[in-house]
Amino acid sequence: MNPVAFTVGFDLDMTLIDSRPGIRACYQALSERTGVYIDCDLTVTRLGPPLELELAHWFPADQITAMTDLYREMYPTHAITGTIAMPGAREAVAAVQAAGGRAVVVTAKFEPNARLHLEHLEIGADAVIGDLWAEGKAEALREHRASVYVGDHTGDVLGARTAQAYSVAVTTGPCDADELRAAGADVVLRDLTAFPDWLRDYRSR
């Protein structure tokens with residue numbers, strides 16, 4: 001591979017950050033505020049898809065838009081400080097940049113809240129694009145000419161494949177290695193601690 005500028009895309013939740021504690025706290029606060037029961041432990045086992053899909057399990061269809069807005073409004077107060085970086089996250093982003101590349105975060109999360117997470121955890125992405133899921137992520141990946149996309153969900157694999165980017169999957173989210181491979185991942189890593197070595201090998205081909 002020629003030593004030219006390149007871009008690697010990263011998913012956010014359960015790829016770069018472990019947002020389960022913060023998201024659980026936000027759902028708990030939403031439940032208390034609305035009086036509607038939400039199984040907060042269950043919600044954090046299926047992170048990845050858009051917020052509206054999760055809220056549809058707990059609220060009627062005509063309330064989803066209002067509950068989405070309320071959740072996003074409450075999110076900075078309840079979810080940012082409880083979230084931690086995934087093992088190897090900062091090092092993975094730094095490895096891309098040290099090799100002369102750009103690290104771009106493409107996520108289904110509401111973009112302003114995604115930015116708050118990265119700022120709080122000091123993960124220095126070169127760009128952040130939110131509100132995109134599954135094949136929709138290909139829009140941003142193509143725009144930024146990403147040749148690699150890293151994620152933890154079969155939806156991330158679909159986004160990479162749609163954009164014709166190399167799909168790197170990590171088993172730190174709700175999907176196991178077999179599911180990720182079956183979805184079309186080109187390579188499956190245990191977590192991001194293995195990414196810098198993988199990137200070095202990939203770039204040397």
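Checked by atom type and distance alone, the side chain of Q97 pairs as donor or acceptor with a backbone atom of G124 at under 3.5 Å. At distances below 3.5 Å, at least one donor-acceptor pair connects side-chain atoms of T7 with backbone N or O atoms of H144. At least one donor-acceptor pair closer than 3.5 Å links the side chain of T43 to the backbone N or O of C40. Side-chain atoms of D69 never come within 3.5 Å of backbone atoms of A66 as a donor-acceptor pair (strictly under, hydrogens ignored).
Not a single salt bridge (charged side-chain N to carboxylate O under 4.0 Å, His left out) links E143 to another residue, sequence neighbours left out.
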Below 3.5 Å, can you tabulate the donor-acceptor pairs from side chains in residues 83-91 to any protein atom, sequence neighbours excluded?
{"unit_1": "T83", "atom_1": "OG1", "unit_2": "A79", "atom_2": "O", "d": "2.8"}
{"unit_1": "R90", "atom_1": "NE", "unit_2": "L121", "atom_2": "O", "d": "2.9"}
{"unit_1": "R90", "atom_1": "NH2", "unit_2": "L121", "atom_2": "O", "d": "2.9"}

Please tabulate, one pair per line, all N/O donor-acceptor pairs under 3.5 Å involving side-chain atoms of residues 12-22, not counting sequence neighbours.
{"unit_1": "D13", "atom_1": "OD1", "unit_2": "S19", "atom_2": "OG", "d": "2.3"}
{"unit_1": "D13", "atom_1": "OD1", "unit_2": "K109", "atom_2": "NZ", "d": "3.4"}
{"unit_1": "D13", "atom_1": "OD2", "unit_2": "K109", "atom_2": "NZ", "d": "3.3"}
{"unit_1": "T15", "atom_1": "OG1", "unit_2": "D11", "atom_2": "OD2", "d": "3.0"}
{"unit_1": "T15", "atom_1": "OG1", "unit_2": "D152", "atom_2": "N", "d": "3.2"}
{"unit_1": "T15", "atom_1": "OG1", "unit_2": "D152", "atom_2": "OD1", "d": "2.8"}
{"unit_1": "D18", "atom_1": "OD1", "unit_2": "R20", "atom_2": "N", "d": "3.2"}
{"unit_1": "D18", "atom_1": "OD1", "unit_2": "R20", "atom_2": "NE", "d": "2.9"}
{"unit_1": "D18", "atom_1": "OD2", "unit_2": "R20", "atom_2": "NH2", "d": "2.8"}

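Residue pairs satisfying the side-chain hydrogen bond (donor to acceptor under 3.5 Å, both in side chains) criterion with at least one member in residues 162-184, sequence neighbours excluded, are absent. Evaluation of the ring-ring contact (aromatic ring centres under 6.0 Å, His included) test over residues 77-126, restricted to residues two or more places apart or in two chains, returns Y75-H117.
Follow the hydrophobic side-chain contacts under 4.5 Å out from V168 and you never reach V106; the two are in separate clusters.
Within the 6.0 Å centre-distance limit, the rings of Y71 and Y27 are counted as a close aromatic pair.
Note that R203 lies in the cation-pi zone of F6, set by a 6.0 Å cut-off to the ring centre and a 45° limit from the axis.
Grouped with V157 in one hydrophobic cluster are L180, V188, the linkage being side-chain heavy-atom contacts under 4.5 Å among Ile, Leu, Val, Met, Phe, Trp and Tyr residues.
A salt bridge links R115 with E111; the closest basic N to acidic carboxylate O contact falls under 4.0 Å.
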